[in-house]
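Inspection log for the structure reproduced underneath, given as C-alpha cells.
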Amino acid sequence: MPVPIPRQRAVPAVEGGQAQTSPAPAPGAETPSAHPAAEEFTEHGSGGLTLLVIEDDPAQTLSVPALLDAAGKPIKVRTARNLTEAERLLTDDVHCILLDLALPASGRTGSSDGAEDELGTLKHVLRLAPRHAVLALTASDDTERATEAVRVGAQDYLFRDELDSRVLTRAIRYAVERKRADMTQRKLTESRLRAQENARLERGLLPTPLLDGAPLRFAARYRPGRSRALLGGDFYDAVRTPDGTVHAMIGDVCGHGPDEAALGVELRIAWRALTFAGLCGDELLSTLQQVLEHERPDDEIFATLCTVDISPDGRRAGLCLAGHPSPLIARAGGLAELLPYENSGPALGLLPRARWPRQQVELGGAWSLMLYTDGLIEGRVESGSRRRLGQDGMVAMVRRQISEGLSGDGLLEAAVNEVRDLNGGELTDDVAVVLLERGPRA
C-alpha cells in the first residue's frame, strides 16, 4: 500500500523561521546542504538521496534550501533550466525530481508537447522518468493545477512560498518511499496477472477427451512435479474415432521443466491428429518419433509412450509400448495384473529406425484398464527409505483398493493419495493416471 503523504501545509515551520537559502547554483551543479533540521526517516540503501530540480528561474527567485537525509548526510541537488538539460542529468542515482509547473514546454528543444496542455511538461517528465518520484512546484494560488498534477502522476506538490528545508526534506523522502511502494505494488500486480495468465494457458493445454458415444467410463488424475505448475512433462489423451474404436494414450517426456511440458503438449496434439487420420501402432509411433526429433530442444530428450486401441465391442485391444510401463487391468472376477510387456519397443527418440509391435490383448466383458506414468511407481515406500513402490507394490495397492469397492475417480484419487502418503510428502516426479472402465465395475 502506498505510503500516505501528509500535506506539507500542516507541517510546522523550522524553529527559528524560514531557512537561509543560498544563491541558485549553475545549471547541472550538485550542491550539498548542511541544515540541522532533518527529521528521522528510514532510508533504503546507504548512498543518500539526490534531487534533480527542473526550474527556469532567470531572476533567481527560487533557491533550494539546505537539506539533510535521515542519516545526516547532505542531499545532493542538481539543477536543470530546461528539459534538455534534465534528460542529460537524469541518471540512475537520482531519486526525486522537483519540477516547476510553470516551466514552458518549449524548454524541451524541438517539441511542442504541452502547448495546449498546461501539464504537458509534467507528463513528459513522467514518461522520461517512470521510476523516479516527482514533486510538482507551483504558486500557492494554483491549488487546482497542483491537485491535477498529483492526479496525473506526481507523488505530491509544493508551494514556492512554503519551500523551507523541513517541508522539502520531508516531501522528498515521503515521495521517494511512496514511489517505491507504488513500484512494488505494480510489480506484485503484474506478477499475479502473469501467474493467472499462465494458469489459464496451462489449463487450456490439458486434454479434453473426445469419447461421445463410447460405452466406457473415463477418469484421469494429473499432478505435475514442478512447484506451482499445472502442466508437466507427462501427457495423456483419449478419443473415439468414427468406426467406434476408442484410442487412449499416456506418455512421459524426460525432465520436468516448461520445455518438456511444451513438448508433451505437442506430442499429445500430434497423436490426436494422427489417430483421427487413421494411423495406429508402429506407423503412428514412427511418425510421433519424427515429431519429437524435430521439436525437442536437444538430442538427449526422449519420451516414453503407451497406446491402446479398444475395439468397438470393448472386448479386445491393441497395445503398443515405447519404453513405457505396461498398463494394469482388473477383469471381472479376477485380480488386477499387468498386461504383457515382452514385445515392447524403445522410447521415442532413442533409436532412429526403431519398431513398435502392436500386441493383441483380450479384455473380456467387464474390466478396468489403468494407464500410468512412472511417477506413480517411483515414489518411496516410506519417508527416508531408498526402496521404491515399484510395479509390484502398485499392483498390490490397487488390488486392495478394488477389493474395498473403489472404482473410477475414487480409485484414482485413493491411489495417487496413498502413493504420496507412502512417499512422506509430495512426489518430485510428474504423475498422470488414466482409467478406462467397461461393465458393472464402474
May I ask you to test the Arg353-Ser286 pair for a side-chain heavy-atom distance under 4.5 Å? no
Quick one, Asp282 and Cys320 - any side-chain contact, counting heavy atoms below 4.5 Å? no
Which class fits the ring pair His324 and Tyr372: parallel under 30°, tilted 30 to 60°, perpendicular over 60°? tilted
Pair Phe276, Val239 - check side chain to side chain contact (heavy atoms under 4.5 Å, CB included), show working. CA-CA 8 Å; Phe276 278 122; Val239 298; 3.8 Å; yes
Using modelled atom types and a 3.5 Å cut-off, is there a donor and acceptor pairing between side-chain atoms of [X] and backbone atoms of [Y]?
{"X": "Arg78", "Y": "Leu89", "answer": "yes"}
{"X": "Asp430", "Y": "Gly233", "answer": "yes"}
{"X": "Arg399", "Y": "Ala330", "answer": "no"}
{"X": "Tyr222", "Y": "Gly232", "answer": "yes"}
{"X": "Glu266", "Y": "Val291", "answer": "no"}
{"X": "Lys179", "Y": "Pro130", "answer": "yes"}
{"X": "His124", "Y": "Gly120", "answer": "no"}
{"X": "Ser311", "Y": "Arg316", "answer": "yes"}
{"X": "Arg223", "Y": "Val431", "answer": "no"}
{"X": "His132", "Y": "Val94", "answer": "yes"}

Yes or no on side chain to side chain contact (heavy atoms under 4.5 Å, CB included) for Leu319 and Cys306, after CA distance, side-chain angles and deciding distance? CA-CA 7 Å; Leu319 170 67; Cys306 168; 3.9 Å; yes
Just verifying a value: how many Å separate [X] [atom1] and [Y] [atom2], rounded to the nearest 0.5 Å?
{"X": "Asp93", "Y": "Leu49", "atom1": "CG", "atom2": "CG", "result": "11.0 Å"}
{"X": "Glu337", "Y": "Ser326", "atom1": "CD", "atom2": "OG", "result": "9.5 Å"}
{"X": "Leu389", "Y": "Met394", "atom1": "CG", "atom2": "CE", "result": "8.0 Å"}
{"X": "Leu210", "Y": "Phe218", "atom1": "CG", "atom2": "CZ", "result": "10.5 Å"}

From CA spacing to verdict: side chain to side chain contact (heavy atoms under 4.5 Å, CB included), Gln155, Glu177: CA-CA 10 Å; Gln155 271 60 59; Glu177 289 304 315; over 6 Å; no
Please report the shortest heavy-atom distance between [X] and [Y], naming the atom on each side.
{"X": "Trp367", "Y": "Leu436", "answer": "CZ3-O, 3.3 Å"}
{"X": "Tyr236", "Y": "Ala432", "answer": "CD2-CB, 4.4 Å"}
{"X": "Glu260", "Y": "Ile301", "answer": "OE2-CD1, 4.1 Å"}
{"X": "Ala149", "Y": "Leu101", "answer": "CB-CD1, 4.1 Å"}
{"X": "Ala238", "Y": "Arg272", "answer": "O-NH2, 4.3 Å"}
{"X": "Glu87", "Y": "Leu128", "answer": "CG-CD2, 3.3 Å"}

Using a strict cut-off of less than 4.0 Å between a Lys/Arg side-chain nitrogen and an Asp/Glu carboxylate oxygen, indicate whether Arg145 and Glu148 qualify as a salt bridge. no
Using 4.0 Å as the upper bound for N to carboxylate O, is an ion pair formed by Lys187 and Glu190? no
Take atom [atom1] of [X] as the centre, draw a 6.0 Å sphere, and report whether it contains more than 12 heavy atoms from other residues, nucleotides or ligands.
{"X": "Gln360", "atom1": "CD", "answer": "yes"}
{"X": "Glu300", "atom1": "CD", "answer": "no"}
{"X": "Asp92", "atom1": "CG", "answer": "no"}

Using the rule side chain to side chain donor-acceptor pair (under 3.5 Å), only one of Asp309, Thr307, Asn343 pairs with Arg358; which is it? Asp309
Any donor-acceptor pair under 3.5 Å linking the side-chain atoms of Arg217 with those of Ser407? no
Check the side chains of Thr373 and Asp234 for a donor-acceptor pair under 3.5 angstrom, ignoring hydrogens and angles. yes
Glu426 meets the side chain to side chain donor-acceptor pair (under 3.5 Å) criterion, sequence neighbours left out, with none
For Val125 and Leu90: C-alpha separation, side-chain torsions, deciding distance, then whether side chain to side chain contact (heavy atoms under 4.5 Å, CB included) applies. CA-CA 10 Å; Val125 170; Leu90 188 61; over 6 Å; no
Extract all donor-acceptor atom pairs below 3.5 Å that involve side chains of residues 411-419 and protein atoms in other chains or at least two apart in sequence.
{"from": "Glu413", "atom 1": "OE1", "to": "Arg221", "atom 2": "NE", "distance (Å)": "2.6"}
{"from": "Glu413", "atom 1": "OE1", "to": "Arg221", "atom 2": "NH2", "distance (Å)": "3.3"}
{"from": "Glu413", "atom 1": "OE2", "to": "Asn417", "atom 2": "ND2", "distance (Å)": "3.4"}
{"from": "Asn417", "atom 1": "ND2", "to": "Glu413", "atom 2": "O", "distance (Å)": "3.2"}
{"from": "Glu418", "atom 1": "OE1", "to": "Arg400", "atom 2": "NH2", "distance (Å)": "3.0"}
{"from": "Glu418", "atom 1": "OE1", "to": "Gln401", "atom 2": "NE2", "distance (Å)": "3.0"}
{"from": "Glu418", "atom 1": "OE2", "to": "Arg400", "atom 2": "NH2", "distance (Å)": "2.3"}

